[in-house]
Chemist: 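Please find one structure pasted underneath; my questions will follow.
Side chains included, hydrogens not; waters and symmetry mates left out as well; all remaining heavy atoms used. Labels below follow one simple rule: chain letters A, B, ... track the order of the sequence lines, proteins then strands, and each chain is numbered from 1.
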Amino acid sequence: MALLEKLHRRVVDMGLVPRVIALLPVISTLCALFGFISIAILPMDGQYRRTYISENALMPSQAYSYFRETEWNILRGYRSQIEKTVNMTSTERNNIMGSWLQEFGTKTAIYENDQYGETLYGVMHAPRGDGTEAMVLAIPWFNSEKEFNVGGASLGISLARFFSRWPVWSKNIIVVFSENPHAALRSWVEAYHTSLDLTGGSIEAAVVLDYSSAEDFFEYVEVSYDGLNGELPNLDLVNVAISIIEHEGMKVSLHGLPYDQLGNNDFFSRFKILCLGIRDWALSGVKNPHGNEAFSGWRIQSVTLKAHGHGGHDITTFGRIPEAMFRSINNLLEKFHQSFFFYLLLAPRQFVSISSYLPSAVALSVAFAVSSLNAFINNDYASISLFSKYNLIAVLVWFISMVVSFVISQLFLSVLPAGLLMTISLAVCFLPIALSGKVHISEPLSYRLKNVAFLYFSLVSTSLLMINFAMALLIGTLAFPMTFIKTISIKASAESETSLGSNISIKTEPNDEMQLNEHYKEGISEKNQQRQQLKNLSLLILTNPFISITVFGLLFDDEFQGFDIINKLVSAWIDLKCWSWFVLCIGWLPCWLLILASSFESKSVVIKSKEKQS
Amino acid sequence: MVSTEFKVALGCIATRLAVMCLFPSLQQQLDKSVEFSTPVTSFRSLQEGIYLLRNNIQVYNHGVVHHPPILVLFLSLFDSDKLISIIYASLDGLIAYQLTKMTKVFKNLKVQSWLPGLLYAVNPLVLLSCVSRSSIIFTNFAISSSLYCILTEGNVILSSVMISVAGYLSFYPLLLLIPLLGMLKSWRQRMFSVIVSILSLLILLLFSYNMLGGESWSFLTQVYGSIISFQKVFPNLGLWWYFFIEMFDTFIPFFKAVFNIFIAAFITPFTLRYHKQPFYAFILCIGWIVLTKPYPSLGDAGFFFSFLPFFTPLFGYLRYPIISALLFLHAIVLAPIFYHLWVVLGSGNSNFFYAISLVYALALASILVDLNWAMLRIEYDNGVPNFKLKVTQI
C-alpha cells in the first residue's frame, strides 16, 4: 500500500492526471490498436504452440484400423441401393435404412418432427460397457450444400454394420440419419435430451459425416469444429481427428481452405486460417451449418468430416477416420476435460490458447471503457453531481433504447423483411442532419449518453469475452469507429455572456483569441461543424449493427448475398437457438441508438454552482 | 395530495408487481441462480418448509429448511401465490417508504427527498431479489424498520425489537445492535435497548420453540447452526465456499471460527471510530456484513447500496469511485456467465466463478474502503469540504 501511496503522490506531483485525462481518446484508440496488433502477431513463430494429445487414454491411431478394402464391396452394395432412394420420400428412405440397421440387431426408432421432418436413429448397445455413455455417428441425408449425401449414408450404414461385429465397444454407438445438418439434426439432439424413448446414455462425442459424391475416391478432408454460441469442442477431439487423418496420409483443410493451399505453413497462411477461424467462429450457425453445430450445448464434443475433391484416397480410408476416432473415444473413462476448450487453430497442428488471444478482445473492451470515461470526465461537465438530471435522463434513455431494441429484435424475428430493416437503419442515420437546427439536446446530456453507451458496450463485450470470443472481437472491431463520433455543440444564446464574464469556460479556445478574430472563426467553425456532421453521419452508417454486419458478410464471406445475413441471423435463432441476433440487437443496437441520440446538435449549458459538487 | 413517500412506495410496489406479472417464469429462474438465492434464503426451501408444516411433518429434521420457524409459519398462512407476490412487493414498498421518510430527517442533505426511495425502487438488484422471493427481504425490512424507528421517531423500543427480529431472521444482523447503540444518546437508553433486544429475541426463540408441531430446539441448529458453521458448502458470491471446499477436514472448525470472528471483529471499531456519525457507522457495518457473511446474495448488496445516496456529501472525496463501480458492474455481469461456463457448458471450471466472486468482494471492499476514506477526509476538513487540498494519508 505504501508503494501505491508513493506512486500516487508522485503522479499527482508531476501533474500527470490532467494530461492523461486529455489524452483519453488517444489512449482508447491505442488500446484498440494494441488489440489488433496482439492478435495479428499470433501467427508469428514463438507465439503459437504445437497441438498435442492431452488425454493419454485417447491414443489415436495406436490400434490397427480394419475398415479396409474388404468392406468396400459392402459399401458399394449399399451405395447402389441408396442411390435409388434419392427421389423417395424421407419416410420410405428411412424405412429402408431402418430395415438394414435392424438386420444386424440395431434398435431403431424414428423421431418425427412436424416442422423439420423425420430423423432415423439406431442404438447399438455396448458389449462391454454399462451403457450410460454413447458416441454418435450422424449422417444428414442432404449436406449443407443440399447435395444428396450418398457417400456419407453408405459409409454410415456400412460402418454401423462393421461396428456391430466388434466386441470392443464400451460406449453405445448411435447412428443418426437426419434430413439435413441444421434444424433437423438439432431438433433430434434436443429431443434426445428431452423426449425420446429409445436412448443410449449421455453423448460423449459426435462425428458428422459428409461425403456427397458417389465416387470411390476423394482428395482431402475438411474438419469443421465451430459450435454454436462460441462453444468449441475440446481440442483433444479435434486433435484426434486431425492426427488420424494425417496418419492415414490425407491432408486436412480447415475453414474451407482449397487443396493447393494446404501445404503452406508460413506466417500468411497461418494468419489466413486465424482470420477465417475467427470469422467462422463468430458466424457459426449463421453460416451454413456443417452438422457439428447441432450438438453444441449438452457437453457434447463434435466435429464434421467432409470429403472434398476427386481421386487420391479411396472411400474406405475416409471410413477409417470415424472408426479410429471411435476407438479413441471408446477408451475414455471421463468426459473430455483434459485439453483446451478455448483455442484458435492456426494450422491443423498449431494452435494458440486463450491466454494468448484473449488480451486482444480485452483491450478492445477496455478501449470502450476508456471512451466511456472520456465522455464522462474529459469535458466541462465532469463535476456534475452523480444524481443530476442529466445522468438520470441518460440512464432513462438507455433503458428506453433497450426496450426499443428488444422490440425490434422480436418484430424482425417473424414479421418484417430485412430490406425494411436496412432502410430504416439507413434513414435513421440521417436524423441528426435532417433535424439540425430544430432539435437540440443539452451538451452534458450528449456526453452522458455517450458515457452510458460505451460503458454498456464495454460490459457487453466483456461478458462475451469468455463465452464467445470471436463475437466479442467481431462486434468490438466493427463498432469501434463509434468512439470517433463527436458531440456537435452549437452556440447557446447565453453563451456570449458567459464566455466573457463567467469563470466557467465552455469553449475550448481561450477567450482573448476568440475575441480577436471572432468573425473569421465563426465562419470556420460553421464549416468545421458541417464537416463534423458529415463525418458523424458516415460513422453512424458504418457502425449501425445491421448495416455493418451485412457489409462484413458481403466483403469477407462469399456465402452471403444482399441482405441474406440478416435473415440467416434470424433463422439461426429460430432453428438452432444461436443468439448472435440478440447480441446484435440487445448488445450493440442500444449503444448505437444512444450514440445516435448523442450526435444531435447540443446546446452548451452553464452549470450552476449548486449543481456542482464543490 | 398524496405525499412523496407514498408515491415512491406505490411506484416501488407497482414495478415489482409489473415485473412479476410480465415475466411469470422469472421467479423460478432467479431462485435457481446462485447470485440471488442461497440455501438459507431460497424460496424453494421455504416452500418445502411450508409443505412440511402443513402436513404435520417435522420441519427441521431433514436438512432442507433453514428458514426460521416464525417465517415459515407466517408464510404458510397464505395460500395463494398472488398474495405472496403482493406481500413481497409491499415489503419492498415499505422499505422504499421508510427510506424516503429517513431522507427527510437529514435536513442538510442536498438530495431530493424522493431520490433514495426511487433508486431503491428501480435498483435492479433489489428488484430482482424481490422477484426471486428470496427471504432476505424480511431481514432487510427489519433492519430498515429499525433505522426508521430510531431516526424518525426516536423509538428505542421498537428499533431494538426490529434489530432482534433481523437477527432472528438471519443471525448476523444481530451485530447491528452495536452500531444501533452508538445512535442512542445516553447510557440509560443503551442499557434499555440491550435489555429490550435480548428480551424480544428470547421471546421470539421461545415462541419458535413452542411452535411448529411440538416443542423442539432442533430449529436452532438448522437455522443458526447452518449459518454459523456454513453447513452447506454451496457456491455463492461470498468468500467462504471455495475456501472450505479446498481445506483439509481437520482445519475446518478453526477457520470457521476465524471467519466468524472476522465478521464480528470490525463492527465495534467502526462504531467507536465513527461515534459522531452513528448512522454512517451503521451503514458501514451493513456493508461489512454483506462482504463477509457466509451466504451473501445480490439482494444484500442492493440493500446496502440503497443507503449510499444518504452520503452524497462524501462523494466528492471518493478516490476511485469509477474503479469500484466498474469492478462491481463487471462482477455482477460476469458472475452468471462464469457460473454457466462452469456448471452448464462444462468448458470452464469452479475457478472461473471463484475468480469473479473475488472480484465482487474486491468491489465491495473498495467501496467500503473508499467510504471510510471519504468520511475521514471530511472529518479532517471539519465538515467543510475542501476538495483542493491533496491529502494522501490521514
Chemist: Between Val122(B), Ile322(B), Thr312(B), which residue shows the highest count of heavy-atom pairs closer than 4.5 Å to chain A?
Modeler: Ile322(B)
Chemist: Are there more than 12 heavy atoms of other residues, nucleotides or ligands under 6.0 Å from atom CG of Leu22(B)?
Modeler: yes
Chemist: Is it the backbone or the side chain of Pro321(B) that comes under 4.5 Å from a heavy atom of chain A, or both, or neither?
Modeler: neither
Chemist: For residues Ser458(A) and His330(B), determine if any side-chain heavy atom of one lies less than 4.5 Å from a side-chain heavy atom of the other.
Modeler: yes
Chemist: Would you indicate whether Gln28(B), at its atom CD, is surrounded by more than 12 heavy atoms from other residues, nucleotides or ligands within a distance under 6.0 Å?
Modeler: no
Chemist: Using a 4.5 Å heavy-atom cutoff, which residues in residues 334-342 of chain B come close to chain A?
Modeler: Leu334(B), Ile337(B), Phe338(B), His340(B), Leu341(B), Trp342(B)
Chemist: Output the option from Ser296(A), Ser463(A), Ala369(A) having the highest count of non-hydrogen pairs under 4.5 Å with chain B.
Modeler: Ser463(A)
Chemist: Nearest 0.5 Å, what's the CZ-OG distance between Arg299(A) and Ser347(B)?
Modeler: 8.5 Å
Chemist: Which is it for Asn229(A) and Leu345(B) under the side-chain contact (heavy atoms from CB on, under 4.5 Å) test, yes or no, and what are the steps along the way?
Modeler: CA-CA 11 Å; Asn229(A) 301 333; Leu345(B) 299 183; over 6 Å; no
Chemist: Can you tell me which portion of Leu232(A) sits under 4.5 Å from chain B's heavy atoms? Options are side chain, backbone, both or neither.
Modeler: neither
Chemist: Using non-hydrogen atoms only, which part of Phe376(A) is less than 4.5 Å away from chain B: side chain, backbone, both, or neither?
Modeler: side chain
Chemist: So what's closer than 4.5 Å to chain B heavy atoms on Phe342(A): side chain, backbone, both or neither?
Modeler: side chain
Chemist: Is chain A contacted by the side chain of Leu329(B), its backbone, both, or neither, given a heavy-atom distance below 4.5 Å?
Modeler: both
Chemist: Are side-chain heavy atoms of Val460(A) and Val333(B) found at a separation under 4.5 Å?
Modeler: no
Chemist: Kindly indicate whether the side chain of Leu373(A), heavy atoms from C-beta on, has any atom under 4.5 Å from the side chain of Leu326(B).
Modeler: no
Chemist: Got a second to check how far Leu459(A)'s CG is from Ile332(B)'s CD1, nearest 0.5 Å?
Modeler: 8.5 Å
